4 protein chains.
Amino acid sequence: MVVVTIGLTDRLVGLVANLMYAENLSEINWTMNQGITTRDKIMEAAETVFSQKGYYETAVDEIVKQSSTSKGSVYFHFPSKESLFLAVMDHLGNRLIRRVEHAIDRQSKPSERLETALITTLETLTKHKTIAKLLLIKGYSMGETFPRKRQEIFSRLAALIKVLLDDISVAKKRREINTEVAAYAWLGAISEVVVQWIENGNPHPVLEAFPTLRALIFKSLDLEE
Amino acid sequence: MVVVTIGLTDRLVGLVANLMYAENLSEINWTMNQGITTRDKIMEAAETVFSQKGYYETAVDEIVKQSSTSKGSVYFHFPSKESLFLAVMDHLGNRLIRRVEHAIDRQSKPSERLETALITTLETLTKHKTIAKLLLIKGYSMGETFPRKRQEIFSRLAALIKVLLDDISVAKKRREINTEVAAYAWLGAISEVVVQWIENGNPHPVLEAFPTLRALIFKSLDLEE
Amino acid sequence: MVVVTIGLTDRLVGLVANLMYAENLSEINWTMNQGITTRDKIMEAAETVFSQKGYYETAVDEIVKQSSTSKGSVYFHFPSKESLFLAVMDHLGNRLIRRVEHAIDRQSKPSERLETALITTLETLTKHKTIAKLLLIKGYSMGETFPRKRQEIFSRLAALIKVLLDDISVAKKRREINTEVAAYAWLGAISEVVVQWIENGNPHPVLEAFPTLRALIFKSLDLEE
Amino acid sequence: MVVVTIGLTDRLVGLVANLMYAENLSEINWTMNQGITTRDKIMEAAETVFSQKGYYETAVDEIVKQSSTSKGSVYFHFPSKESLFLAVMDHLGNRLIRRVEHAIDRQSKPSERLETALITTLETLTKHKTIAKLLLIKGYSMGETFPRKRQEIFSRLAALIKVLLDDISVAKKRREINTEVAAYAWLGAISEVVVQWIENGNPHPVLEAFPTLRALIFKSLDLEE
DNA sequence: CATGAATGAGCGTTCATTCAT
DNA sequence: TATGAATGAACGCTCATTCAT
């Protein structure tokens with residue numbers, strides 16, 4: 001396939017598009033470099049501001065300013081402040097879960113899959129502070145809607161971990177442990193350590209906490225270290 | 001100093017107060033034995049409403065109504081809505097910590113002290129849903145002040161647990177574990193399990209989760225079960 | 001009964017009120033000259049502004065400014081802009097109807113009662129332009145609520161007139177006329193004449209229109225003029 | 001001048017227009033025979049929506065949706081929402097007046113012309129509820145512009161009726177009646193009866209009200225019935 | 001001419017806080 | 001001390017209008 005890159009004024013882009021459509025030339029692939037969509041600019045700005053100030057302390061006007069768009073645009077793309085917030089949550093939640101899934105997929109040994117899940121979660125939350133802040137701290141308390149979304153994301157993560165635990169648990173024959181509870185417990189443990197790091201910078205840096213978390217988990221599951 | 005005890009109706013209390021104020025007699029000290037103080041009525045009402053709806057979704061008027069006092073009273077006893085919220089947090093946090101301390105004091109064996117701390121925390125959060133809701137869920141995201149208070153309470157609890165872990169750890173010679181991190185991890189594990197229970201009723205009931213939590217902790221610390 | 005008029009500062013008024021209440025002296029009648037209540041100031045301002053600009057073109061802030069109170073006060077006394085509007089409508093509607101009723105009461109002869117109703121309605125709408133404007137012109141088109149209120153007021157007036165017509169109709173034996181329809185027709189005739197006067201100053205002045213209206217009505221009902 | 005008639009799809013129409021614009025070929029005159037013009041679709045939709053919800057409660061977007069055109073089209077054909085509204089009013093007003101004029105033209109006897117005017121007005125308002133709603137109810141209160149338009153239409157109708165009354169009045173020698181006032185009065189009577197019918201369904205159906213209205217008018221003008 | 005994303009002024013409503021009684 | 005009317009800054013949301021394609 002030949003890729004031709006040409007520069008066109010916005011006006012001509014429209015004309016060419018029309019002509020191509022009229023002449024049924026739609027198989028020509030072209031990618032319009034529209035820079036970043038308005039919707040994306042808003043999402044990004046919302047992620048930034050929400051994670052800095054939380055839902056209630058963020059005024060829609062701040063997101064508008066941060067995204068250099070307009071109030072009208074925000075409400076054109078999202079029906080309400082709340083739905084914008086949830087869209088951001090969804091986006092970040094999916095990002096976190098997808099990363100963990102990908103990382104796990106590359107491992108085959110059960111105990112290594114578990115370790116990978118743990119370290120990836122910790123790393124992602126660490127590198128993308130906005131995810132951590134929104135998911136673990138700043139979003140709370142938003143009426144009925146936020147907790148539900150938070151639950152959704154956590155339960156998807158917990159389900160992931162539960163499967164890993166089941167694999168190991170089965171292999172290691174420890175029946176007195178409810179793997180669902182254990183999954184949530186480990187999620188909670190990781191969350192709290194990350195929260196401490198974010199709020200206090202204590203302990204410093206987070207990944208120093210990893211050996212301890214890893215040891216606790218492996219020991220608790222009778223896995224050889 | 002002469003102490004005069006007189007019984008006055010609520011109405012007259014106000015009247016006398018007005019007169020005293022008008023006549024500049026404010027040096028007269030009086031203690032009203034109202035059984036339940038207005039301040040306490042407000043605190044109680046605030047605890048109820050805040051834990052149901054969270055900080056931002058609670059209007060001061062709702063606390064006024066719930067406490068059958070008045071707006072003026074709230075702002076006489078507390079300089080702001082925020083300080084009222086923090087007072088409630090303090091109160092509940094202290095209650096939780098005191099309970100754990102008392103429970104621990106009655107045990108001497110390190111591993112039993114740890115188990116007691118765990119079970120008492122879980123029980124208190126379970127029996128006093130308002131504590132759990134405010135501490136773990138509804139309070140978040142309140143600007144800068146709330147997280148600080150949440151940290152304060154958590155760090156006091158973590159310090160408590162750290163000591164217990166140190167005792168055991170020392171006894172058991174496991175040096176690769178940072179007991180501070182471990183303390184926060186266990187707090188997080190407990191919190192998350194409680195949060196799941198509150199939000200989802202999953203798993204049901206919470207105390208059923210205890211064996212799993214206990215097993216995880218003991219195993220992870222090489223304690224005999 | 002002895003009426004004592006004393007001037008008290010606002011502060012003392014409160015104290016005296018308290019004392020009187022405490023001592024069960026509530027039978028003493030006193031009228032506090034509080035000037036005009038905030039609520040009344042708001043109602044008055046709303047009447048003025050609404051009748052000048054109509055419901056939709058009036059911003060609550062204009063009523064606030066006109067009443068020299070505050071936005072908070074408006075929403076303390078009325079749950080919404082709409083309810084404030086309806087309160088004004090009620091007030092003016094009642095005023096109009098009460099006037100007509102009082103005027104009628106002073107007449108005994110049926111045809112004179114009818115004439116009195118006609119002339120009083122015309123006069124009131126003429127003298128109190130705000131009533132006319134709100135009732136006949138500026139209020140319309142307010143979703144579902146206003147028309148219902150307008151109907152309520154008109155139907156009360158129509159019922160009044162219907163009774164008058166029934167008295168005469170019976171006396172004069174004209175059965176082919178439905179008095180309810182006739183009542184609304186006469187109301188409509190009067191309204192339209194007033195509306196023309198308000199909008200066009202045509203014909204000028206309204207009361208000049210009275211002989212014509214009177215003649216039409218009397219003729220149409222076979223009354224001697 | 002050469003007129004070329006070609007068939008183009010909608011899409012191509014836009015494309016050609018763009019090209020013409022880009023090439024400054026705007027002097028080429030073309031007439032698209034679209035059956036129903038976009039302008040007409042908008043007018044029709046506006047009539048429907050405005051008469052259902054009134055001016056202020058109608059958003060331009062609703063008219064766009066109802067007409068299955070676009071916001072751009074609305075603002076291409078009409079400079080503003082207000083002017084669109086007035087265009088609709090004009091259209092409906094003209095329709096009403098034309099009907100009355102045509103009906104009158106077919107009668108020669110003065111009293112029959114009057115009766116025809118009365119009945120045609122009533123019938124038109126009844127059969128075309130949108131006219132009635134916009135003219136008598138939903139349009140009101142639109143700043144300064146609407147009342148002026150409403151006045152214009154009413155005064156044209158009144159002028160029509162005045163002539164009829166003059167004919168009769170002259171014939172019947174009743175000088176004390178100002179025919180202009182009478183014309184407005186009768187218009188108001190009819191309007192109010194129609195309004196009652198629309199709002200309350202009372203009396204039911206409108207045309208049942210006709211004998212009463214007719215009797216009132218004829219009697220009031222000393223016409224034989 | 002048609003389209004619809006973008007704009008921003010404007011508005012109704014909330015609510016923490018004050019203060020005269 | 002208790003009360004509750006009064007205050008006004010702040011905020012979420014709407015919608016008429018514009019303009020690039």
Side-chain angles (χ1 to χ4, degrees), chain A residues 9-18 37-39 56 58-62 64 69-77 79-82, chain B residues 10-11 13-18 20-22 26 30 32 34 38-39 56 58-62 64 69-77 79-82, chain C residues 9-18 37-39 56 58-62 64 69-77 79-82, chain D residues 10-11 13-18 20-22 26 30 32 34 38-39 56 58-62 64 69-77 79-82:
Chain A
T9 66
D10 277 352
R11 162 134 243 122
L12 281 180
V13 164
L15 287 179
V16 171
N18 275 339
T37 331
T38 301
R39 196 176 189 279
Y56 286 101
T58 295
V60 174
D61 273 318
E62 299 177 62
V64 167
T69 59
S70 68
K71 219 174 209 171
S73 280
V74 170
Y75 280 90
F76 179 80
H77 289 287
S80 66
K81 180 188 176 188
E82 184 178 321
Chain B
D10 270 358
R11 173 114 229 145
V13 164
L15 178 54
V16 172
N18 275 338
M20 277 169 42
Y21 177 82
S26 53
W30 60 347
M32 273 175 296
Q34 299 178 321
T38 299
R39 194 176 190 280
Y56 286 100
T58 295
V60 173
D61 272 314
E62 299 176 64
V64 166
T69 59
S70 70
K71 226 170 199 173
S73 282
V74 169
Y75 279 88
F76 178 81
H77 289 290
S80 67
K81 181 189 175 185
E82 183 177 323
Chain C
T9 67
D10 277 350
R11 161 137 245 122
L12 281 181
V13 164
L15 287 179
V16 171
N18 275 339
T37 332
T38 300
R39 195 177 190 279
Y56 286 101
T58 295
V60 174
D61 272 318
E62 298 177 64
V64 167
T69 58
S70 68
K71 222 171 203 172
S73 279
V74 170
Y75 280 88
F76 180 81
H77 289 288
S80 66
K81 181 188 175 186
E82 183 177 324
Chain D
D10 271 358
R11 173 116 228 143
V13 164
L15 177 54
V16 173
N18 275 339
M20 277 169 44
Y21 178 82
S26 53
W30 60 348
M32 272 172 296
Q34 300 179 320
T38 300
R39 195 175 189 281
Y56 286 101
T58 295
V60 174
D61 272 315
E62 300 177 62
V64 167
T69 60
S70 70
K71 225 169 200 173
S73 282
V74 170
Y75 279 88
F76 178 82
H77 289 288
S80 67
K81 180 188 176 186
E82 184 176 323

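Model, not experiment: these values are computed from the prediction. Note: hydrogens, waters and symmetry copies are ignored here, and every other heavy atom, side chains too, is used. Proteins come first, then strands; the chains are lettered A, B, ... in the order of their sequence lines, and each starts at number 1.
In this structure, A:Gly72 and D:His77 both approach DNA chain E, and ranking their closest nucleotides by distance from the 5' end singles out D:His77. Residue-to-nucleotide proximity on DNA chain F shows that, of A:Glu62 and B:Thr69, the 5′-proximal contact is made by B:Thr69. Place B:Ala59 and C:Asp61 on DNA chain E by their nearest nucleotides, and C:Asp61 ends up nearer the 5' end.
Atom-to-atom distance recorded for A:Phe76:CZ and A:Arg39:CZ is 11.0 Å, nearest 0.5 angstrom.
In this structure, the nucleotide among E:dT3, E:dT13, F:dT3 sitting nearest to the side chain of B:Ser70 is F:dT3. The side chain of D:Lys81 approaches F:dA16 more closely than any other nucleotide in the set E:dA16, F:dA16, F:dT3.
B:Lys71 comes within 4.0 angstrom of a base, heavy atoms only. When heavy atoms are screened at a 4.0 angstrom cut-off, D:Tyr75 is found touching base atoms of the nucleic acid.
Here the C1' atom of nucleotide F:dT17 and the CZ atom of A:Phe76 are 15 Å apart, to the nearest Å. One atom, CD of C:Glu82, and another, C1' of E:dC11, lie 15 Å apart when rounded to the nearest Å.
At least one side-chain nitrogen or oxygen of B:Thr38 sits closer than 4.0 Å to the OP1 or OP2 atom of F:dA2. Dashed line: the shortest gap from a side-chain N or O of A:Ser73 to OP1 or OP2 of E:dT7 is under 4.0 Å.
Nearest heavy atom pair, residue B:Tyr75 against residue B:Lys81, reads OH-N, 4.1 Å. Here the closest non-hydrogen pair linking A:Val60 and A:Lys71 is CG1-CG, 4.4 Å.
Across all strands shown, E:dG8 pairs with F:dC15; the Watson-Crick or G-U wobble distances both stay below 3.5 Å. When both distances must be under 3.5 Å, the Watson-Crick or G-U wobble mate of E:dT21 is F:dA2.
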